[in-house]
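Working notes, beginning with the structure itself.
We count residues from 1, following the sequence as given.
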Amino acid sequence: AICFWLAVLAIFTPAKFELWIFASGFPSFFPALFLVAALVVISHDRISITWKFILCAMLATASSFSLPNGLLAWGLTFPIALAGRRSILRWRAWLLVWIGTIALCATVYFWGYRKPPDLTAFAPAVSWKEYAAFILEFLGGSLAYAWKDRPTVAAAVFGFVQLTMFGAALLYCIRRIRDRGFISKTLPWVALAGHSIGSAILAALGRVGYGAPYALASRYVTFSIYLAIGTVALIALILRDWRERGAVPRRAKPRRA
């Protein structure tokens, strides 16, 4: 319940005021909507792998043609279903078909594409510090104005804290990778957080030419907020796992005569 209300507060934060006031960026909500819908499909045990493939492909295609970062759905939907289930027959064949579907969608998506003349160069040759600052400020943009006088510092610090907490949670999940039940619960939240990290990287490659402070655009909060939501959910699952594992009584060692 705590995670749910924290997610609600994060999703409807006034930090994305550009979208709430002008209502000009409604499509910004679509990539996460399609991603979450696909993750729900993946988590449903009664849906066959064939239908999971079909539904994930449809939702990933819809996500791709809503906004550029919607392309991330191809790596965060059906592959999660393959990684979270051990008993999938011919998983290599499913993976190859999925890669072929990605290639088909990418061909249609980029066919005849021309970069708008008013956009900065993609992946310009700037310092790595500019890229790092852009990514951190992008991820921490929801609390950028908690420090009104220095929003760039506040955003960078919050972004770094989130990445650190997510990295620690991810390391714990890697240590528990043999527990398929636990991994299947955590993978959707890893994918949701990965959507924000991937969006930050793509935005940095395409917009870092405007300078790192450009990452504080309030519309970017729509993409970055899911790192916080995914991290909170992962921490909750890890705490529950600790409690359940600690509650299991250990077998008493036999005493020697």
Point to revise | Of all pairs that satisfy salt bridge (charged side-chain N to carboxylate O under 4.0 Å, His left out), the ones with a partner from residues 191-204, not counting sequence neighbours | key: none
Review point. Pick from L35, L192, V36: which one makes a side-chain contact (heavy atoms from CB on, under 4.5 Å) with Y226?
Key: L192
Exercise for review: Please identify each residue that fulfils side-chain contact (heavy atoms from CB on, under 4.5 Å) with V126, with sequence neighbours left out.
Suggested key: P124, E130, Y131, V208
Name each donor-acceptor pair under 3.5 Å that joins a side chain in residues 152-170 to protein atoms two or more places apart or in another chain, with its distance.
residue : atom : partner : partner atom : Å
Q162    : OE1  : A228    : N            : 3.2
Q162    : NE2  : L139    : O            : 2.8
T164    : OG1  : F160    : O            : 2.8

Review point. Residues in side-chain contact (heavy atoms from CB on, under 4.5 Å) with V97, at least two apart?
Key: F53, T101
Study note, to complete from the structure: For V232, the hydrophobic cluster (side chain heavy atoms closer than 4.5 Å, chained through members) also holds I2, L6
Exercise for review: Please list, chain by chain and in numerical order, all residues satisfying ring-ring contact (aromatic ring centres under 6.0 Å, His included) with Y220, sequence neighbours excluded.
Suggested key: F138
Practice item. Provide the full list of ring pair (Phe, Tyr, Trp, His ring centres under 6.0 Å) pairs with a residue in residues 176-205, sequence neighbours left out, each pair given once. Key: Y172-F182
Practice item. Return the set of residues passing salt bridge (charged side-chain N to carboxylate O under 4.0 Å, His left out) with R219 (not counting sequence neighbours), or none when no residue passes. Key: E18
Revision key, fill the gap. The side-chain contact (heavy atoms from CB on, under 4.5 Å) partners of F17 (sequence neighbours excluded) come to I21, S218
Practice item. Output all residues satisfying side-chain contact (heavy atoms from CB on, under 4.5 Å) with F30, sequence neighbours left out; order by chain, then residue number. Key: F26, P27, L33, F34, S66
Review point. What side chain to side chain donor-acceptor pair (under 3.5 Å) pairs are there with at least one residue in residues 104-116, not counting sequence neighbours?
Key: none
Side-chain donor-acceptor contacts of residues 68-79 below 3.5 Å, not counting sequence neighbours, with atom names and distances?
residue : atom : partner : partner atom : Å
N69     : ND2  : S199    : OG           : 3.0
W74     : NE1  : S64     : OG           : 2.7
T77     : OG1  : A73     : O            : 2.7

